[in-house]
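Residue numbers start from 1 in every chain, and the chains themselves are labelled A, B, ... in the order their sequence lines are given, proteins ahead of strands. It should be emphasised that the depicted structure is a prediction, and the values quoted were computed from it without experimental measurement.
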Protein chains: 2
Amino acid sequence: MQTEAAFLRQPSTQLPGGLVPRRRPNADAIEVLGMAMPFARNSEIYGENEPAEYLYKVISGTVRTYKVLADGRRQIGAFHMPGDVFGFETGEEHTFSAEAITDCKIAVIKRTALMAVAERDNEVARYMLALTTRELQRAQAHMLLLIKSAQERVATFLLEMAERVSTRGTVELAMSRQDIADYLGLSIETVSRTLSRLGKTATIEVSSSRRIVLRDHSALSRLNS
Amino acid sequence: MQTEAAFLRQPSTQLPGGLVPRRRPNADAIEVLGMAMPFARNSEIYGENEPAEYLYKVISGTVRTYKVLADGRRQIGAFHMPGDVFGFETGEEHTFSAEAITDCKIAVIKRTALMAVAERDNEVARYMLALTTRELQRAQAHMLLLIKSAQERVATFLLEMAERVSTRGTVELAMSRQDIADYLGLSIETVSRTLSRLGKTATIEVSSSRRIVLRDHSALSRLNS
DNA sequence: CGACCATTTGATATGGATCAAGCGATGTGG
DNA sequence: CCACATCGCTTGATCCATATCAAATGGTCG
């Protein structure tokens with residue numbers, strides 16, 4: 001049971017409200033349960049409506065979780081990057097599907113095993129709560145995104161990515177324009193045009209389609225609603 | 001400490017994944033901590049950025065949680081009705097504001113007190129997790145809502161309300177058209193026109209502006225994306 | 001009754017979708 | 001190693017759903 005707990009070691013970012021569990025003395029020495037499984041680019045990690053047997057932690061690569069509506073529209077709910085835990089967005093069954101955007105290494109743990117630990121180990125239970133709370137906040141922020149204008153959505157997206165993957169203001173995008181469009185609830189053309197326009201106003205520089213330099217961070221922040 | 005736990009008695013709906021705590025033998029006999037406080041129509045329950053000191057459970061009435069963007073647009077994140085627990089959508093500070101739509105009675109509990117209980121009582125911790133998970137699912141469903149067409153959004157809204165407050169297909173709406181518009185990310189005029197159109201096609205009947213009869217449930221379901 | 005507020009309905013404007021074509025990078029087979 | 005096919009992206013032209021502006025209607029409460 002200590003092994004499962006180790007899956008949760010080293011949260012990728014600081015959590016609010018003192019919800020980060022105190023590190024137990026020997027936690028760092030414990031092995032992660034479940035190997036880091038490799039997933040190839042574009043392969044499915046899990047599908048909507050599959051039983052939510054496992055939880056996942058990104059070791060390397062980028063993952064998209066998404067849902068396809070009846071008429072084929074796809075909404076991407078989140079991009080997950082190294083350190084992020086995902087797959088616990090639900091009760092019994094996954095309500096979203098997950099795919100590897102790039103080649104990935106993903107640590108996998110049995111949900112039931114973890115819940116069993118949580119039943120005994122309060123620290124684990126509280127950590128699960130913290131993760132879920134953070135995911136809830138992310139979803140709520142995403143909700144707000146979807147009522148903004150195209151420019152605002154793109155600006156918000158760029159700032160979000162900058163926080164997560166930027167090196168001195170340069171953002172390397174793992175995902176295609178189509179992925180971005182489906183994340184932002186826009187068409188691919190609108191995403192492209194908006195990036196071009198931001199380029200023309202020197203707010204950003206589109207070095208290549210996947211490499212974007214944020215030139216005027218504060219202008220983006222102002223656009224961020 | 002048993003008193004705080006009682007705040008969580010009787011979840012309003014069934015939870016997935018066996019996450020509902022087993023009822024402890026004497027739980028039903030325990031008093032709810034924190035009086036059922038009255039809130040007048042349109043009064044604030046808490047404000048965005050206030051410290052999230054309390055959790056809330058609706059005893060009677062309807063509550064909206066919302067966020068106002070810089071330019072004044074308002075997005076309503078959720079409507080809360082009797083039995084719903086809200087206010088735990090966040091870490092340290094509320095990210096949304098909450099207001100009473102109608103006169104309300106709301107049970108209030110200190111968050112820190114509850115977290116303290118959760119630290120000892122695993123059942124409570126797991127129940128908190130279940131509540132948060134459900135809220136996450138609600139937020140994700142709301143995300144999907146916001147990429148749909150106006151007709152689909154209104155249909156989804158009506159079906160959602162029907163599940164929560166309908167008496168034999170008749171829905172009594174506690175909220176104004178403006179509230180509905182801000183919940184659905186539409187203008188008030190579009191909401192009104194869409195309801196009128198659904199009325200003309202005999203899918204619903206708008207008895208009065210706040211009373212709507214669902215005539216063709218399956219047509220609505222088909223519109224529900 | 002009259003004032004006020006919520007709602008509906010109508011006319012027009014517009015942001016982003018859609019349809020369509022061109023372009024550049026990457027990879028493949030001859 | 002080059003010609004060509006493919007794929008992802010950009011750019012242009014047009015269309016349409018919904019927003020916005022405006023006015024009429026209806027319902028509620030003093």
Side-chain angles (χ1 to χ4, degrees), chain A residues 41-42 62 64 69 71-76 101-102 145-158 171-201 204-212 223 225, chain B residues 40-42 62 64 69 71-76 101-103 145-158 171-201 204-212 223 225:
Chain A
R41 186 164 175 272
N42 289 324
T62 303
R64 62 180 164 248
L69 298 186
D71 62 358
R73 277 169 298 179
R74 180 182 71 160
Q75 176 64 33
I76 290 183
I101 291 180
T102 62
L145 218 200
L146 295 177
I147 65 162
K148 296 183 186 175
S149 73
Q151 256 206 354
E152 291 167 333
R153 293 188 212 192
V154 170
T156 303
F157 170 73
L158 289 174
V171 176
E172 296 286 346
L173 297 173
M175 66 293 288
S176 69
R177 292 285 185 272
Q178 188 63 63
D179 285 335
I180 299 172
D182 290 348
Y183 180 69
L184 299 180
L186 297 172
S187 71
I188 184 176
E189 294 95 333
T190 296
V191 171
S192 181
R193 270 189 258 272
T194 304
L195 287 171
S196 297
R197 199 165 331 123
L198 289 174
K200 266 181 222 120
T201 63
I204 63 175
E205 183 191 322
V206 186
S207 310
S208 77
S209 71
R210 301 292 184 102
R211 174 192 297 269
I212 292 176
L223 282 180
S225 156
Chain B
R41 184 164 177 272
N42 289 323
T62 302
R64 62 181 164 247
L69 299 186
D71 63 358
R73 277 169 299 181
R74 181 182 70 160
Q75 176 64 34
I76 291 183
I101 291 180
T102 61
D103 290 343
L145 217 201
L146 294 177
I147 64 161
K148 295 183 187 176
S149 73
Q151 256 206 353
E152 291 167 333
R153 293 187 214 192
V154 171
T156 303
F157 170 73
L158 289 175
V171 176
E172 295 286 347
L173 297 172
M175 67 293 288
S176 69
R177 292 286 184 271
Q178 187 64 63
D179 286 335
I180 299 172
D182 291 348
Y183 180 68
L184 298 180
L186 297 172
S187 71
I188 185 177
E189 294 94 333
T190 296
V191 171
S192 180
R193 271 188 258 273
T194 303
L195 287 171
S196 297
R197 200 166 330 124
L198 289 174
K200 267 180 222 119
T201 62
I204 64 175
E205 183 190 322
V206 185
S207 311
S208 78
S209 72
R210 301 293 183 102
R211 174 193 299 269
I212 293 177
L223 281 180
S225 159

Distance check needed: [N] [atom2] versus [X] [atom1], whole Å only.
| X | N | atom1 | atom2 | result |
| --- | --- | --- | --- | --- |
| B:Leu173 | C:dT7 | CG | P | 10 Å |
| B:Leu186 | D:dA17 | CG | P | 14 Å |
| B:Lys200 | C:dT8 | NZ | P | 11 Å |
| A:Gln178 | D:dC9 | CD | C1' | 11 Å |
| B:Ile147 | C:dG16 | CD1 | C1' | 15 Å |
| B:Leu146 | D:dT18 | CG | C1' | 15 Å |
| B:Gln151 | D:dT18 | CD | P | 9 Å |
| B:Ile180 | C:dA6 | CD1 | C1' | 12 Å |

Just to be sure I understand the rule, does [X] reach a base, reach only the sugar-phosphate, or reach nothing, if contact means heavy atoms closer than 4.0 Å?
| X | value |
| --- | --- |
| A:Leu195 | nothing |
| B:Ser208 | nothing |
| B:Gly185 | sugar-phosphate |

Query raised in the report: Which nucleotide in the set D:dC9, C:dG16, C:dT8 lies at the smallest distance from any side-chain heavy atom of A:Arg210?
Result: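 Among D:dC9, C:dG16, C:dT8, the one nearest the side chain of A:Arg210 is D:dC9.
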Requested in this report: Output the single nucleotide from D:dT10, C:dT7, C:dG16 whose closest atom is nearest the side chain of B:Ser209.
Outcome: C:dT7
Requested in this report: Count the heavy atoms belonging to other residues, nucleotides or ligands that lie under 6.0 Å from CZ of A:Arg211, then report whether that count exceeds 12.
Outcome: no
**Report entry** Atom CZ of B:Arg41 with >12 non-hydrogen neighbours under 6.0 angstrom
**Finding:** no
Output yes when at least one side-chain N/O atom of [X] is less than 4.0 Å from OP1 or OP2 of [N], else no.
| X | N | result |
| --- | --- | --- |
| B:Arg153 | D:dT18 | no |
| A:Ser187 | C:dA17 | yes |
| B:Ser196 | C:dT9 | yes |
| B:Ser192 | C:dT8 | yes |

Query raised in the report: Taking for each residue the nucleotide of DNA chain C bearing the nearest heavy atom, is the 5' side occupied by A:Lys148 or by A:Glu189?
Result: A:Lys148
Query raised in the report: Mapping A:Ile188 and B:Val191 onto DNA chain C by nearest heavy atom, which one lands closer to the 5' end?
Result: B:Val191
Report task. Grab the two heavy atoms, one from A:Glu152 and one from A:Leu223, that are nearest each other, plus how far apart they are. Result ->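 Shortest heavy-atom contact: CG-O, 2.9 Å.
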Query raised in the report: Is there a donor N/O on one and an acceptor N/O on the other, under 3.5 Å, for the side chain of A:Arg193 and the base of D:dG12?
Result: yes
Requested in this report: Decide yes or no for B:Phe157 and B:Leu173: does some side-chain heavy atom of the first lie under 4.5 Å from some side-chain heavy atom of the second?
Outcome: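 The answer is yes; the side chains approach within 4.5 Å.
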Query - Ion pair check, B:Asp71 and A:Lys148, cut-off under 4.0 Å - result: no
